[in-house]
Amino acid sequence: MLMGNVRSISATQYVADGWQGLVSGGYAMQTSAGLFSPFMAFEWQQLSADSHDAGGPIPVNVGSADIDSFRGLMGVKWEAILANKVKGYATAAYAYEFVGDATTAKVGFGGGSYMAKGPGLGDSALISAGVRWEIMPCTTADFGYRGEFAMENGANSNGANIGVNYSF
């Protein structure tokens with residue numbers, strides 16, 4: 001951090017716990033282009049972030065925060081065989097936020113403190129796509145993209161996933 005002629009390096013450790021639950025249902029339809037599955041789901045998420053302090057010449061502390069989300073999802077999934085032992089997949093869904101808590105935390109900076117408040121969570125579009133390769137009869141490798149795009153309030157998120165799955 002550089003402030004005027006004061007150079008300081010601050011370090012801190014952020015700790016948070018999260019829980020998620022998902023219940024979904026749909027109907028799979030086989031077509032010449034692959035397997036299409038319209039679906040509906042309900043998703044609950046809860047995040048608890050502990051308070052943390054950053055020391056140094058200009059100390060910063062942030063109080064704990066809890067965020068809850070409950071939303072309904074409606075969308076479609078697609079899966080198709082692309083090559084021998086390789087499947088492609090994609091999902092597009094709309095997520096309606098029923099309970100999107102606003103983020104509120106007490107922030108202390110340089111001896112003073114104030115309440116910082118962010119907007120509540122809003123509706124969003126979810127997109128994922130990737131390929132799944134069957135390495136062995138019970139083992140697959142997964143390479144994909146996942147994105148969430150806020151319609152109003154909230155943050156957009158983009159990420160890649162790489163995984164190895166073993167079924168038994």
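Just the heavy atoms: all of them, side chains too, but no hydrogens, waters or symmetry mates, feed the values below.
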Note to self: Quick one, F39 and T91 - any side-chain contact, counting heavy atoms below 4.5 Å?
What the structure shows: yes
* Please assess L73 against M40 for the test side-chain contact (heavy atoms from CB on, under 4.5 Å), listing each intermediate value before the final yes or no. => CA-CA 6 Å; L73 286 77; M40 292 181 68; over 6 Å; no
Separation between OH (Y145) and CG (N158), nearest 0.5 Å, reads 3.5 Å
- Query: Is there a side-chain contact between D123 and Y94, using heavy atoms and a 4.5 Å cut-off?
  - Reply: yes
Considering only heavy atoms from C-beta outward, does the side chain of V131 approach that of Y89 to under 4.5 Å? no
Closest non-hydrogen atoms of A41 and S24, given as atom of the first, atom of the second and distance, are CB-CB, 3.5 Å
Heavy-atom closest pair (R71 atom, L126 atom, distance to 0.1 Å) is NH2-CD2, 4.1 Å
d(F149 CZ, I127 CD1) to nearest 0.5 Å is 5.0 Å
Contacts satisfying salt bridge (Lys or Arg N to Asp or Glu O under 4.0 Å) that involve residues 73-90 (not counting sequence neighbours) are E79-K87, E79-R132
Applied to residues 158-168, the salt bridge (Lys or Arg N to Asp or Glu O under 4.0 Å) test, sequence neighbours excluded, yields none
Q. Y96 vs F98 aromatic rings, parallel, tilted or perpendicular, using cut-offs 30° and 60°?
A. perpendicular
Heavy-atom nearest pair, S128 first then R146, reads CB-NH1, 3.9 Å
Crowded around L82 CG? As in, over 12 foreign heavy atoms under 6.0 Å? yes
When rounded to the nearest 0.5 Å, the distance separating OG of S124 from CD of E148 is 3.5 Å
| query | Do the side chains of N165 and T139 get nearer than 4.5 Å, heavy atoms only? | reply | no
Exercise for review: Look only at the side chain of W44 and the backbone of W19, and say whether a donor-acceptor pair between them is shorter than 3.5 Å.
Suggested key: no
Residue set satisfying side-chain hydrogen bond (donor to acceptor under 3.5 Å, both in side chains) with Q20, at least two apart, ordered chain then number -> E43
Check your understanding: With a 4.5 Å heavy-atom cut-off, do P38 and M74 have their side chains touching?
Key -> no
Problem - Ring geometry between W78 and F36 (parallel below 30°, tilted from 30 to 60°, perpendicular above 60°) - result: tilted
Side-chain touch W133/I135, heavy atoms, less than 4.5 angstrom:
yes
So CD1 of I162 and CG of D142: to nearest 0.5 Å the spacing works out to 9.5 Å
